[in-house]
Protein chains: 2
Amino acid sequence: MLPSTALTPLQLVQSSSLPALVQAEIEQLILGGELAIGEHINESELALRFGTSRGPVREALRALEECRLVRSEKNRGVFVREVSVAEADEIYDVREVLDELIGRRVAERATPGQVLELKALAAEMDEATAGSDVKRYHALNLRFHDRVVAFAGNDRLAGTYRLLTKELLLFRLRGLQDGGGFAVSNTEHKAVVKAIAAGDAERAGRLLRRHAADSRARMHKAAAIAAAR
Amino acid sequence: MLPSTALTPLQLVQSSSLPALVQAEIEQLILGGELAIGEHINESELALRFGTSRGPVREALRALEECRLVRSEKNRGVFVREVSVAEADEIYDVREVLDELIGRRVAERATPGQVLELKALAAEMDEATAGSDVKRYHALNLRFHDRVVAFAGNDRLAGTYRLLTKELLLFRLRGLQDGGGFAVSNTEHKAVVKAIAAGDAERAGRLLRRHAADSRARMHKAAAIAAAR
DNA sequence: CAATTGCAGATTGTCGACAATATGCAATTG
DNA sequence: CAATTGCATATTGTCGACAATCTGCAATTG
């Protein structure tokens, strides 16, 4: 693991506020699928679960609402958001241009060590593909893109990208994504890493953008199948 | 005014939660400059001002933290964020590619009526320029870009763009922006509108992106002057 | 006299309680 | 018997209070 996640207990207590911790916890509950899409979120229940009062839970939910992971109806409570195909499509529109920028920047700035890390992740994804381990592949895929955007060296770009990615993850939880074909996806990853290693910004940007476009196409395909059913 | 902002009292009460109203109110306080950059925000004071308890205020502040308009320090409270030149630079990096996408989309989708509205805004900005009314120019400029992104017909794109714009607005409040030269800016606006009216997506995208780049350049110039002082 | 320590006031973090509202079920009525 | 009405319950929205923490100042000490 990376040292960035290793915090001493002291640092943890000093930095993290209770609402922030609760927020992260609820986010995991949603992204991990424990809280189902569209499901009503019971404040008291969560408060009880986390051993806090409802105050911190409400603050966390307000933050998550701003992240667009939940929606709130007055006097009815908050619900896990359901992202429609149309919305996912809009997000992909934005994500494509961000991915191009990310590809360019990371090709310009990535260190040899960072390139190595990306190569290792791509290799792991090959393993997961060989073993048909879809769950592991998805986790690695997320990590791959997260590392890439981190290496692009622009925090706001990374923040913007991650926000959209989380929303897409929410969409994916509806099950309309990837009717297989993730061997193709990793071929694309490796091509991207190659362009990055070569420092070819133009090419890395183009490839990463196309990768996003392909991902969008796969999403549409799966959605069409689901709609026909 | 537009009908979109006209809500019946019934709708207002049903839709808007107290924390959401307080959030909008605080946002205006910040963006309007009433709460100074870097200033500590007193929860009790705001609660008193709005006639609520501290709960809704805290929820609003948590949402504003997610918007990056405020930052929060544990046990010390929340402060109006101060955006550095480096951060503004990062934001511009993202904004440029978004502006290109916006230009393309709006050129593809804008109705004649929408084009007319943009032309009218550009004309008003010419008036403000002639009258050296900087404040009015800035307000119109904001509205112009807000309308453009609205006409692009992609809500997530609009949301992403507005988030970044607000953060830049926060930076601008530090006074390091525009050492004049906003006559140039409006010439660019008019060229953009022309491309949109012609339905030239390629050109509109390129021009809007360059407009953002020029804005960034003006920011750097002002920042350099301020740094030398 | 500089530096540290201790204290008073102010502010945040969290909680439990109460009022307002929504929800589901049973009773009623045509 | 279907539809509506009214009620009991659960949940949200908001509040005031209290404990924990920070801040600035004064007193103390070497």
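Naming convention: chains lettered A, B, ... in sequence-line order (proteins, then strands); numbering from 1 in each chain.
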Whole-Å gap separating [atom2] ([N]) and [atom1] ([X]):
X: B/Asn75; N: C/dT12; atom1: CG; atom2: P; value: 10 Å
X: A/Lys74; N: C/dA22; atom1: NZ; atom2: C1'; value: 13 Å
X: B/Glu43; N: D/dC15; atom1: CD; atom2: C1'; value: 14 Å
X: B/Glu73; N: D/dC22; atom1: CD; atom2: P; value: 11 Å

Please confirm whether the shortest side-chain N or O distance from A/Asn42 to OP1 or OP2 of D/dT11 is below 4.0 Å. yes
Do the side-chain N or O atoms of B/His40 get closer than 4.0 angstrom to the phosphate oxygens (OP1, OP2) of C/dT12? yes
Electrostatic pair A/Arg62:A/Glu59 at N-O distance under 4.0 angstrom: no
Is there a side-chain contact (heavy atoms from CB on, under 4.5 Å) between B/Val70 and B/Leu35 once you walk through the steps? CA-CA 11 Å; B/Val70 303; B/Leu35 287 171; over 6 Å; no
Reported CG-to-CG distance for the pair B/Leu116 and B/Leu121, which is rounded to 0.5 angstrom: 10.5 Å
Nucleic acid contacts - residues 45-64 of chain A versus DNA chain D, non-hydrogen atoms under 4.0 Å: A/Arg54, A/Arg58
Is there a Watson-Crick or G-U wobble partner for D/dA19 with both distances under 3.5 Å, and which nucleotide is it? C/dT12
Any strand: nucleotide that pairs with C/dG30 via Watson-Crick or wobble, under 3.5 Å: D/dC1
With nearest nucleotide decided by heavy atoms, which residue, A/Leu18 or A/Arg76, maps closer to the 5′ end of DNA chain C? A/Leu18
Begin from the C-alpha positions of B/His189 and B/Ser185 and carry the test side-chain contact (heavy atoms from CB on, under 4.5 Å) through to its verdict. CA-CA 6 Å; B/His189 290 154; B/Ser185 178; 3.7 Å; yes
Is the backbone of B/Arg54 close enough, under 3.5 Å, to the side chain of B/Glu43 for a donor and an acceptor to pair up by distance? no
On a heavy-atom basis, which atom in A/Ala60 and which in A/Val22 lie closest, and how many Å separate them? CB-CG1, 3.8 Å
